[in-house]
Amino acid sequence: MPRSRRYDGGYFEITAISSAPVEHVMSESHRDPSIGTHEASSGEGMVYWQVALPGPLQMLFTYGVPADVSARAGMRVWVPLGKGQRMGVLWSPAEKETEWVIKPVLSVLDDEPLLDEELLACLGWAADYYHFPLGETVLAALAPSLRQGRSLHELAWRILPSGEQALADGTLRGARQRALLERIAQTPQGVSESQLRDFPKAVRLRLADLGLIEPFEQMMPSTWPVLAEMSGNKLPAPDLNEAQSAAVSAVAACLENFGVWLLEGVTGSGKTEVYLNLISRVLAQGRQVLILVPEIALTPQLVTRFTDRLGLVPAVLHSGLNDGDRLNAWLAARSGDATVVIGTRSAVFQPFADLGLIVVDEEHDGSFKQSEGFGYHARDVAIWRARRLGVPIMLGSATPSLESLRNVSLSRYHLLTLPERAGGAAMPDIRLLDVRQQRMRGGLSDDLVAAIETHLLAGGQVMLYLNRRGYASNLLCHACGWVAECAHCDSFMTWHRGVNRLRCHHCGFERQPPSVCPNCSATLSPRGLGTEQLEDVLTGLFPGFGIERLDRDALSRVGELDRRLARIQSSEARLIVGTQILVKGHDFPHVSLVAVVDADQALFANDFRGAERFAQQLIQVAGRAGRASRAGTVLVQTHQPEHVGLNRLIHAGYASFAQTLLAERAEAGLPPVRAAAMIRADARDADAPRELLTHMADWLHEHLADPADSPLDVWGPVPAPLARRAGRYRYQLLILADDRPRLHAALSQLESWQGTRRTKGIRWSIDVDPVDMA
DNA sequence: GAGTGAACACGG
DNA sequence: CGTGTTCACTCC
């Protein structure tokens, strides 16, 4: 006889997706209200656990879990904390003896660990390495809905024999009731609540009251399309050239072992084919693959390429995903249903059933490093995981980071090179254009204008790279020198003529530009070239040739990038103007000329990584030229044609330039040769951050000044490159050490300053391996 | 981080 | 003396 139950509102509340997990319990025993009382803590039958709690509390808290409940590290628990309650993750079993009165957990939210041993170990390492609170770190590995305490189980409904009977008899009168019953009858194993959204809740309740259907809890299914077997969907793999084959076979021979493989391939050399080949091999073994890409490189085209070639649907993780999709991808990766996961940096914390290979594309890209909050570097976390899992990891780039090149020279990484462009395309010819004393029209010298014209008339496309968006970098009064400044930062405001607004690119502050100088009422004139203005200038010089502008302003709407890329692909647009976005991985096969409009601005960047970044951008943007049969030309406008670094880069190539930079870093005692961390502090008060950091610096000197030991340098405090940002004054302190343990020890010491983290409105944070010094 | 209570500041 | 405000401290 089927069980017939009445369902009170409370039951549905509990299972509702958004309900507080405090009430969501996995077994009857948790519902016992006595567990919530203090007396239980001293009683028998409790197992003690250290629990990681989100928040700035970087220590673990001990709670009791009833002995009859299965508890394992990686399960979520709902615990009392102070007056409130919050979610935590079981971390490790604890000793019974503590000086605290141990409170019992209110409920255990999972009946199996959400995070496996490897991922927990990874999170523990990352929290330690990046000096970030463990509880917050753990959240990085949970999909947002899991952070909010959503259960991995969900309510589902299945039909009862009396329901079958009712359908057969046709006794059910209500049309909606019959429709729902029929829907549920279609799937004998049950239909989850979320798939029944189309039917009002009341209808379900009514059917349940009539004893026709019953609810039950089921593990949330991962609904991932599995197309792997549909081999007809795969596009054939092109033949690999010699270098590609060599790279593939080197790694393929070591698929069962950890190893870091740096694939250094000039742009257009077919790195992706090497990835695809290796990925296919790993998939053939039934294992999963994680592909990490920089933020801007994760485009629909890239995903399409993987989909078409591998004949499956990769799970794609990026910032635009909603919570539902994220949970789905998380589940699919954890269950193994998603065999390929492509994502930006946060995907590195994804759980996997059986990961067999990690690929980090464009490994030099700065967007792999999170600079605020939990300052992890996705590439480095990925390497940690690969080592722990005993699987290979491939880092690909045309312009590898100095870190990776150094690790190659220390024999920590294996180097694989693809020296030639696939398909025999010629390397672009890079030339400097001396613009000293030259007549400039809208930032373009006559020589450059002539070159553009030649290429356009020859039927080619021309791409102009300028790393400054907006119309003009600022509005200036020619009479008195007044410049539009941001009210909240020490910066000038950029004039965006299209929308006629002044914008601060550092804090987002916007305002209407004044019509005349607020100081002397003279007319204001734009100064400094931005992409918007360049677009105007080109329209004037080359009317009739379509222009496409690619920058963050132009691409705010979804799908806009695709539309513009399509116009470029079809040669509808012959001139392309853009910022950084041009640098990242898009193929523009008809571009025959690339112009770097202003090399000087990047050449004299104020932090020591400026040269490295510029070199990478120049080489990457140069790689956009002549990808098909035509050899491309790259022209670089500069006032410094004799610049030593620039000439070495152009004539000897990136690898040689990078070795010189590395030697310079060793000489100067800078990363990656030495280990670095940046302490940043900011406050509304102008002096407070500097005082705090001075204090820290003194303290570090006092406590760590051990001349016999390897040196530890403390530089600063100095005002941050943008000394005032969004109304807060910013200072920073750079700590350099000869080796990591030494740096680590110093940073751990600093954590005793934790209490001062929020005093006097000062916020401060530790950034290990800082990427940009700003 | 959020909640708490002690210390301090201020009005009439 | 009541009440508003800042600040340091705890949370298992």
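Chain letters run A, B, ... following the sequence lines, proteins first, then strands; residues in each count from 1.
Following rounding to the nearest Å, A:Arg86 (CZ) and C:dC12 (P) show an atom-to-atom distance of 10 Å. Computed from coordinates, the A:Ile762 CD1 to C:dC7 C1' distance equals 13 Å when rounded to whole Å. Atom P of nucleotide C:dC11 and atom CD of A:Glu136 are separated by 20 Å, given to the nearest angstrom. Here the P atom of nucleotide C:dT10 and the CZ atom of A:Phe61 are 11 Å apart, to the nearest Å. Following rounding to the nearest Å, A:Leu81 (CG) and C:dC11 (P) show an atom-to-atom distance of 9 Å. Summarising the geometry, the separation between CD1 on A:Ile102 and C1' on C:dC11 is reported as 13 Å, rounded to the nearest angstrom. If you take CE of A:Met46 and C1' of C:dC12, they are 13 Å apart, rounded to a whole angstrom. Taking atom NZ on A:Lys103 and atom C1' on C:dC12, their separation rounds to 8 Å, with Å as the unit.
Using a 4.0 Å cut-off between a side-chain N of Lys or Arg and a carboxylate O of Asp or Glu, A:Asp551 and A:Arg469 do not qualify as a salt bridge.
Side-chain N/O atoms of A:Arg740 and A:Tyr129 include a donor and acceptor closer than 3.5 Å.
Backbone-only contact: A:Pro80 has heavy atoms under 4.0 Å from sugar-phosphate atoms and none from a base.
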Donor-acceptor pairs are to be reported for all side-chain atoms of residues 315-324 of chain A against protein atoms at under 3.5 Å, with residues two or more places apart or in another chain.
residue, atom, partner, partner atom, Å
A:Asn322, OD1, A:Gly324, N, 3.1
A:Asn322, OD1, A:Asp325, N, 2.8

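Listed pair A:Lys83 / C:dC11 fails the phosphate criterion, with no side-chain N or O lying under 4.0 Å from OP1 or OP2.
Applying the side-chain hydrogen bond (donor to acceptor under 3.5 Å, both in side chains) definition to pairs two or more places apart or across chains, those involving residues 378-389 of chain A are A:Glu118-A:Arg385, A:Glu363-A:Arg379, A:Arg379-A:Ser401.
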